[in-house]
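When reading the values below, keep in mind they use all heavy atoms of this one structure, side chains included, and skip hydrogens, waters and symmetry mates.
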Amino acid sequence: QVQLVESGGGLVQAGGSLRLSCAASGRAVSISTMGWYRQAPGKQRELVATITSGGSTTYADSVQGRFTISRDNPKNTVYLQMNTLKPEDTAVYYCNALRTVIGIEYWYWGQGTQVTVSS
């Protein structure tokens, strides 16, 4: 009952910037935490950043100081501003949302958006 749609990915040179967006629709009123994960070919999915409805954020060490996650609660939209991009940032980036109902956690995922950083 929750759908996530990412946008903003693309090809950028090392040192450049991109801004990803993820909009939640459907029964998104109970979503607490939203975040971004990424997965490169042949590697496991890893957490990039998260943000709660109250604005508390967490970041992976590899992106700390370069990426910024933000959220527009009325629009149920989360953003990821990516600066000083590196080739190792190349991956498919997935939006994630967490909804908890009667103590049960529900995880939702977007379709992913490709980010490619050239040397």
Side-chain angles (χ1 to χ4, degrees):
Q1 293 182 327
V2 175
Q3 296 81 42
L4 304 175
V5 179
E6 305 102 328
S7 63
L11 174 65
V12 65
Q13 293 183 344
S17 299
L18 284 174
R19 186 171 187 255
L20 306 183
S21 299
C22 174
S25 61
R27 297 195 64 183
V29 64
S30 59
I31 291 177
S32 58
T33 301
M34 300 186 73
W36 292 93
Y37 290 73
R38 67 186 182 185
Q39 186 169 21
K43 297 184 178 180
Q44 292 185 325
R45 183 184 65 237
E46 64 175 350
L47 184 146
V48 177
T50 65
I51 185 168
T52 68
S53 59
S56 298
T57 60
T58 61
Y59 296 93
D61 290 342
S62 59
V63 306
Q64 184 74 46
R66 298 189 298 119
F67 291 9
T68 302
I69 188 171
S70 60
R71 182 172 179 171
D72 186 334
N73 287 330
K75 295 182 179 179
N76 282 316
T77 301
V78 64
Y79 306 92
L80 185 68
Q81 178 66 48
M82 305 184 294
N83 297 327
T84 319
L85 283 162
K86 305 174 181 179
E88 47 264 47
D89 294 319
T90 296
V92 177
Y93 284 70
Y94 296 93
C95 179
N96 166 261
L98 172 64
R99 182 170 67 97
T100 303
V101 181
I102 318 177
I104 305 299
E105 294 185 346
Y106 298 86
W107 296 86
Y108 302 92
W109 298 91
Q111 82 286 350
T113 184
Q114 177 70 47
V115 172
T116 302
V117 184
S118 62
S119 301

With clusters defined by side-chain heavy atoms of hydrophobic residues (ILVMFWY) lying less than 4.5 Å apart, directly or transitively, does Tyr94 cluster with Leu18? no
Note: Ala49 and Leu80 closest approach over all heavy atoms is CB-CD1, 4.4 Å
Check for a donor-acceptor pair, side chain of Thr113 on one end and backbone N or O of Ser7 on the other, with a separation under 3.5 Å. no
Transitively linked via ILVMFWY side-chain contacts under 4.5 Å: Leu98 with Tyr93? no
Shared ILVMFWY cluster between Ile102 and Val2, side chains joined below 4.5 angstrom? yes
Walk me through whether Thr90 and Gln114 qualify under side chain to side chain contact (heavy atoms under 4.5 Å, CB included). CA-CA 8 Å; Thr90 296; Gln114 177 70 47; 4.0 Å; yes
Is the shortest heavy-atom distance from the side chain of Asn96 to the side chain of Arg45 under 4.5 Å? no
Shortest non-hydrogen contact between Val78 and Ser70, atoms and distance: CG2-O, 3.2 Å
Any non-hydrogen side-chain atom of Phe67 less than 4.5 Å from a side-chain atom of Ile69? no
Joint cluster assignment, Val12 & Val92, ILVMFWY side-chain distance < 4.5 Å: no
If we only count heavy atoms from C-beta on, is the Asp72 to Tyr79 side-chain gap below 4.5 Å? yes
Side-chain touch Glu46/Arg38, heavy atoms, less than 4.5 angstrom: yes
Summary of disulfide (SG to SG under 2.5 Å) pairs that have at least one residue in residues 77-109, sequence neighbours excluded: Cys22-Cys95
Roughly how far apart are Thr77 OG1 and Leu4 CG, rounded to 0.5 Å? 10.0 Å
Side chains of Thr50 and Thr58: any donor to acceptor distance under 3.5 Å? yes
Side chain proximity check, Trp36 to Glu6, heavy atoms < 4.5 angstrom: yes
Leu20 side chain reached by Met82 side chain, heavy atoms, under 4.5 Å: yes
Would you mind reporting whether Val117 and Lys86 have side-chain heavy atoms less than 4.5 Å apart? no
When you group the ILVMFWY residues by side-chain heavy-atom contacts below 4.5 Å and let the links chain together, are Leu85 and Tyr37 in the same group? no
Tell me whether the count of non-hydrogen atoms from other residues, nucleotides or ligands lying under 6.0 Å of CD in Glu88 goes above 12. yes
What is the minimum heavy-atom distance between Arg71 and Ser32, and which atoms define it? NH1-O, 2.7 Å
Distance (rounded to the nearest 0.5 Å) between Asn73 CG and Ser53 OG: 6.0 Å
Can you name the nearest heavy-atom pair linking Ala91 to Ala40, along with the distance? CB-N, 3.9 Å
Here the gap from Thr100 atom OG1 to Ile31 atom CD1, rounded to the nearest 0.5 Å, amounts to 10.5 Å
Look up atom CD in Gln81 and atom OG in Ser21, then write down how far apart they are to the nearest 0.5 Å. 9.5 Å
